[in-house]
Every structure is written in C-alpha cells, then in structure tokens.
Undergrad: 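Following this message is one structure expressed as structure tokens.
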Amino acid sequence: MHNSINIRIGQGIDVHAFGEGDHVMLGGVRIAHSRGVQAHSDGDVVIHALCDAMLGALALGDIGRHFPPSDPQWKGADSRAFLRHCSVLLRQNGGWRVGNADITVICEHPKVGPHSDAMRSVLAAELGIGIDAVSVKATTSEKLGFTGRGEGIAAQAVVLLVQA
C-alpha cells in the first residue's frame, strides 16, 4: 500500500477588454475606473480566473462550460455566484476545498494594491477559508501588449485543493 497526499493544483486565466462604464469588479469588489469591461456577466477577471483554476484542478471543464455566455440568465451576473457554484462542485466531487489561492491581476490601471485586502476578504469569505490563505497581487505589463496599452485587464489564479 502506498501513501498518497490528496491535493490537486489548478490554474486559471481570464481576460476582458475595457469598454463603456465607470468601474470594474475585481475579486467581488467594485473599483471606480474610467472604463468598465466588455463581458456577459459582471466581468470580474479575478473570480473568473479563480473559478477556472478550481474547475481545472478537478478536470471539470472551464467557467464557460458551467456558465455559458450564450445563456441569458448570466447576463450581468454577480461572479460571486459562479464562485459559490464552483465551491459546491468541489465538495460534491470528492470532498475538496480550497487550501489556498494565489491571484495576480495584470493591468496598468486601475491600481489594485489599495483594494487587495478587500478582495482577499471577500474571496476568503466566499470560499470559507482564512484570509491568510488568499493572496491578491498585481503587476503591470510595462506598457506592452493589450494590458500595457490600456485595452483590457487580465488575471491569473493558482489554487491548491485539499480533501476535507
């Protein structure tokens, strides 16, 4: 008999172009900005990347499979509902839970740092884990590519799942 550690690792990426609007949603937090994002839901790249990481760790597809943009019920939806659904799927598919999450937002603007603790708090509460198990940080792309030109925003997430 061999010993095994019951963990899984998943990673997710999400991107949205900027469009009309006066704010962006990041990690469940409304942040004032000169533009909004073009998206079917609220366009929260942080939560979308996190959901993809959670789903990917269990080979359950991606967020588009579970919340297709073609489905009108998700128009303007609060992405925290997606995160809650993914948490339920973790429990239903082997008793998993998020051990920790590490998220990076990639953009020139808005500035993420002043809002990172609020995002960590929202995400930790939604996931039912301690705030010390959620990292939200940001980087620019040094004015390179679509994020550097201010055309959009991106996020990457990595999660470690553990069996409860």
Side-chain angles (χ1 to χ4, degrees), residues 8-107 109-110 112 115-116 118-129 131 133-136 138 146-147 150-164:
R8 300 253 181 122
I9 299 170
Q11 63 91 29
I13 299 171
D14 193 53
V15 172
H16 284 291
F18 285 129
E20 296 293 319
D22 63 358
H23 73 280
V24 294
M25 292 300 296
L26 294 176
V29 175
R30 182 185 173 108
I31 299 173
H33 187 50
S34 59
R35 306 190 69 198
V37 295
Q38 297 175 13
H40 187 68
S41 67
D42 65 6
D44 190 325
V45 293
V46 168
I47 290 181
H48 296 179
L50 182 55
C51 287
D52 269 350
M54 293 165 68
L55 293 167
L58 294 183
L60 294 176
D62 62 23
I63 194 169
R65 177 176 161 197
H66 294 265
F67 307 100
S70 59
D71 188 336
Q73 75 174 313
W74 306 121
K75 180 75 174 154
D78 181 338
S79 292
R80 289 177 298 177
F82 303 166
L83 192 55
R84 289 181 206 119
H85 175 78
C86 290
S87 292
V88 167
L89 288 176
L90 294 183
R91 289 189 299 276
Q92 289 176 345
N93 287 275
W96 297 94
R97 64 176 177 77
V98 172
N100 77 298
D102 183 20
I103 302 144
T104 304
V105 181
I106 306 159
C107 62
H109 296 285
V112 173
H115 309 282
S116 63
M119 288 184 246
R120 292 176 61 220
S121 180
V122 168
L123 297 172
E126 292 291 346
L127 294 170
I129 60 177
I131 194 170
V134 179
S135 171
V136 176
F146 76 93
T147 58
E151 297 169 2
I153 190 166
Q156 302 181 140
V158 176
V159 295
L160 175 70
L161 300 184
V162 295
Q163 278 190 313

Undergrad: Where do Leu60 and His66 come nearest, in terms of heavy atoms and distance?
TA: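 Reported closest heavy-atom pair: O-NE2, 2.7 Å.
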Undergrad: Look at the aromatic rings of His33 and Phe18 and report parallel, tilted or perpendicular, splitting at 30° and 60°.
TA: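 Rings of His33 and Phe18: tilted, as their planes differ by 30° to 60°.
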Undergrad: If every non-hydrogen atom of His40 is compared with every non-hydrogen atom of Asp71, which pair is closest and at what distance?
TA: NE2-O, 3.0 Å
Undergrad: Does Asp42 use its side chain to pair, donor to acceptor, with the backbone of Ser79 at less than 3.5 Å?
TA: yes
Undergrad: In Å, rounded to the nearest 0.5 Å, how long is the span from NE2 of His85 to CE of Met54?
TA: 10.0 Å
Undergrad: For atom CD of Glu20, is the number of surrounding heavy atoms from other residues, nucleotides or ligands below 6.0 Å larger than 12?
TA: no
Undergrad: If I compare all heavy atoms of Ile63 with all of Cys51, which pair ends up nearest, and what's the gap?
TA: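 So the two residues come closest at CD1-CB, 3.9 Å.
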Undergrad: Drop me the distance from Ile106's CD1 to Ile153's CD1, to the nearest 0.5 angstrom.
TA: 9.5 Å
Undergrad: Backbone N or O of Trp96 within a donor-acceptor pair of the Gln163 side chain at under 3.5 Å?
TA: no
Undergrad: How far apart are the C-alpha atoms of Val122 and Val29, what are their side-chain angles, what is the distance that settles it, and do they pass the side chain to side chain contact (heavy atoms under 4.5 Å, CB included) test?
TA: CA-CA 8 Å; Val122 168; Val29 175; 4.1 Å; yes
Undergrad: Please find the pair of heavy atoms, one from Ser87 and one from Glu126, that lie closest to each other, and give the distance.
TA: OG-O, 4.3 Å
Undergrad: If I take atom CZ from residue Arg8 and atom CG from residue Leu161, how far apart are they, to the nearest 0.5 angstrom?
TA: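 It is 8.0 Å, given to the nearest 0.5 Å.
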Undergrad: So, for Ala53 and Gly12, which heavy atoms are closest and what is the spacing to 0.1 Å?
TA: CB-N, 3.6 Å
Undergrad: With side chains defined as the heavy atoms from C-beta onward, is the minimum distance between Ile13 and Asp52 less than 4.5 Å?
TA: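 No; the side chains remain at least 4.5 Å from each other.
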Undergrad: Compare every heavy atom of Met119 with every heavy atom of Leu26, then report the nearest pair and how far apart it is.
TA: O-CG, 3.1 Å
